[in-house]
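Nothing fancy with the numbering, it's 1 onward along the sequence. Read the numbers this way: they start at 1 and go in the same order the structure lists the ligands and their atoms.
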Amino acid sequence: MALPTEFTNALQAAVAPEAILTDEGSCERFSKDYFWYSPWLQEQLADKRADAVVQCRTEQETIDVLRLSYAHRVPIVPRGLGTGNYGQAIPLEGGIILDLRHMNRIVEFVNGGVRVEPGAKLIDIEMAAREQNLELRMYPSTIAMSTIGGFIAGGSCGIGSINHGVLRDRGNVRSLRVVTANEEPQVLELQGKDIDKVLHAYGTNGIITAIDLPLTQRIDWRQLAIGFDSLKEAHDFCWALGRSEGIHKRAIALLEQPLVSFQKPIAALANPDQHAVLTLVDPTDLEEVKLLVAEMGGTISIDVPLYEPGAPIVSDATWNHTTLWAKKINDDYTYLQCAFAPDPRDSWQQLSHMKEKFGDEWLMHVEMVRFMGAVNYWALPVLHYRDREGLQAAIDECKNIGIGISNPHTYILEEGGHDAGNPVQLAFKHESDPLGILNPGKMKLFVSAGISDGPGSSGSDETVGKTIASEQSV
Ligand code: FAD
């Protein structure tokens, strides 16, 4: 769409002229995220582009831009640093990208937590927290390059989730300040159950302008890579460590070979003939972990403190970094997001079934998390993408044997996790964005009187692997 002249003129008065970017290169760059992990999203989203990028530095500027966008029916897609995986931050209907990474102040540490602006980078929050003897409860493996606003609106869990659960778990976000897209934008402070209104809603029903995040006590974690000759041994070790409540850990991931060799941060140090379990453990419990490793047939190949200068950051090979490194080796790789049975015997049966059926087309990558109060065996297997049918067959096989899938091959909010949609988010969207100018086309159940045509207006009927309900989506 071409932006209305009255809108662009008024915009110049709302923000500094240099904060409005309209050149082709910027519009293209800011309109992309990591959607290309999915071959299917690549086909659908590669040509989508905003008409301008507006860089807000204050909440007041955000309010002014929202007011103008409402008046002129201009779509707005908020953006942190564009590391989301599902085309979440890609504008489907043109309009403007609201670049929030300059609203990045770490305002204050209070009551064991921190108040921050949405554009603050997670690594900056983690480092500032550590100076206060605190640290993040959880973060994505993109900690070094993504924002807290993007994590809350687009992410779900990560390193720390084996301890603290997922973002959506009550108490992991204390409050959110949100600006709505009404004729006169409202500024709301959401707390308690109201946080669910905008958490992981892809910015479709409000712009987050401040976050109160609880933290946890700093630990000088020890990073380990542990090699195992067989996948079964590695699988069993993950469960044993995961369920050892007396051993404090921040992460447990399993990488099947050859995935380990693909991971640049650790490949040179890990044993190329073994599968690897990567973990961050409390140094207080290190000796106990070493005993467990020895009992279960493992060999430690990396044992370094977290954030030691020159040492690898082991989590750079976990979560969706695992897929990234695999794609650097062969761009035909893609992935799935799976919830295996929350029980060691059943998860092993499922895993061996998938390996028997798909062999090396299915490379196992596990992330242990605490979900609904219990240790869970989640996975982001790396798959060889041959064609749509092959990917669908893998998804169908998962469903057949009870492996839950959060589909990463759709940009539609409801199809990625909540099959039936989240009624709280939908109801809030009707209040907070009645015209549907916020990230239009992503919430398919929303039917507006504004610019978006409602269900699947941007077309997702052919979505690969129409979804299976689960909370996981990273
Ligand atoms: P963006 O991509 O810019 O935005 C994400 C979504 O949030 C978009 O829909 C955007 O419109 C919306 N948004 C952004 N800011 C706001 C705001 N202020 N108000 C309202 N809406 C807003 N995710 C995980 O959960 N866990 C992981 O471990 C993980 N690992 C990853 C590894 C790799 C290599 C990659 C590429 C991605 C990974 N992700 C993971 C996904 C992503 O990196 C994270 O969710 C990240 O925190 C997103 O932050 P961002 O600043 O890049 O957000």
Side-chain angles (χ1 to χ4, degrees), residues 30-38 50 56 59 62 66 75-92 97-104 116-123 125 136 138-161 166-168 176-181 197-211 251 253 263 315-328 335 337 365 367 369 378 380 406 408 411 413 416-417 432-433 438-443 471-474:
F30 282 87
S31 295
K32 297 291 178 284
D33 61 12
Y34 281 64
F35 72 109
W36 46 267
Y37 270 39
S38 161
C56 285
E59 183 182 84
T62 307
L66 278 162
I76 300 194
V77 178
R79 189 178 198 273
L81 278 153
T83 66
N85 289 114
Y86 325 116
Q88 296 158 308
I90 295 185
L92 301 179
I97 296 285
L98 200 67
D99 174 14
L100 294 159
R101 78 205 142 110
H102 302 290
M103 270 177 78
N104 59 5
V116 289
E117 290 186 335
K121 272 194 185 179
L122 286 154
I123 188 70
I125 303 173
L136 290 170
M138 72 192 70
Y139 55 87
S141 61
T142 45
I143 181 172
M145 50 184 188
S146 64
T147 66
I148 181 65
F151 186 42
I152 286 175
S156 63
C157 54
I159 295 100
S161 289
V166 300
L167 266 179
R168 196 177 286 286
L176 295 176
R177 200 169 154 91
V178 172
V179 182
T180 67
K197 291 178 176 174
V198 294
L199 196 85
H200 199 75
Y202 296 5
T204 55
N205 56 11
I207 308 291
I208 300 165
T209 54
I211 297 137
Q263 308 300 309
S315 65
D316 283 353
T318 66
W319 291 93
N320 241 335
H321 268 82
T322 313
T323 323
L324 182 65
W325 293 114
K327 279 188 84 59
K328 283 181 195 257
Y335 76 119
Q337 298 176 155
H365 163 204
E367 297 289 344
V369 295
W378 285 2
L380 294 85
S406 291
Y411 57 79
L413 184 56
S432 64
D433 181 26
L438 290 177
N439 210 350
K442 303 283 170 64
M443 193 189 274
E471 283 290 318
Q472 182 209 17
S473 94
V474 295

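Among the atoms of Asp33, none of the N or O lies under 3.5 angstrom from an N or O of ligand 1. Considering backbone and side-chain atoms alike, Arg79 places every N or O at 3.5 Å or more from each N or O of ligand 1. Polar contact with ligand 1: absent for Trp319 (N/O pair, distance under 3.5 Å). Considering backbone and side-chain atoms alike, Ile208 places an N or O below 3.5 Å from some N or O of ligand 1. For ligand 1, the polar-atom distance check against Met145 finds no nitrogen or oxygen pair separated by under 3.5 Å. Between His321 and ligand 1, no pair of N/O atoms sits closer than 3.5 Å.
For atom 26 (N) of ligand 1, the nearest non-hydrogen atom from the set Ala201, Cys157, Ser315 belongs to Cys157. Heavy-atom proximity to atom 1 (P) of ligand 1, evaluated over Ala153, Gly154, Cys56, Gly82, is greatest for Gly82. Counting only non-hydrogen atoms, the option in Thr142, Asn205, Val178, Asp316 that gets closest to atom 44 (C) of ligand 1 is Thr142. The nearest non-hydrogen atom to atom 49 (O) of ligand 1, considering only Gly160, Ser146, Gly119, comes from Ser146. Among Tyr37, Trp36, Tyr34, the residue whose heavy atom lies nearest to atom 34 (C) of ligand 1 is Tyr37.
Contact between Lys442 and Ile90 at its shortest, heavy atoms only, is NZ-O, 2.7 Å. Across all their heavy atoms, Asn320 and Ser141 have their closest contact at N-OG, 3.9 Å. Between Glu367 and Leu380, the shortest heavy-atom distance links the atoms CG-CD1, 3.8 Å. Of all non-hydrogen atoms in Leu100 and Pro78, the two that sit nearest each other are CD1-CB, 3.9 Å.
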Problem - Test log, rule side-chain contact (heavy atoms from CB on, under 4.5 Å), inputs Thr142 and His321 - result: CA-CA 8 Å; Thr142 45; His321 268 82; 3.8 Å; yes

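Looking at Pro118 against ligand 1, only its side chain comes within 4.0 Å, counting heavy atoms.
With hydrogens and angles ignored, the 3.5 Å screen pairs a side-chain donor or acceptor of Gln263 with a backbone N or O of Thr322. The main-chain N or O of Ala253 is never found under 3.5 Å from a side-chain atom of Trp319 such that the two would form a donor-acceptor pair. One N or O on the side chain of Arg79 and one on the backbone of Lys32 form a donor-acceptor pair closer than 3.5 Å.
At a 4.0 Å cut-off, not a single heavy atom of Tyr139 sits close enough to ligand 1 to count as contact. Remark: distances from the non-hydrogen atoms of Ile207 to ligand 1 include one below 4.0 Å.
Residues Tyr335 and Tyr37 bring their aromatic ring centres within 6.0 Å.
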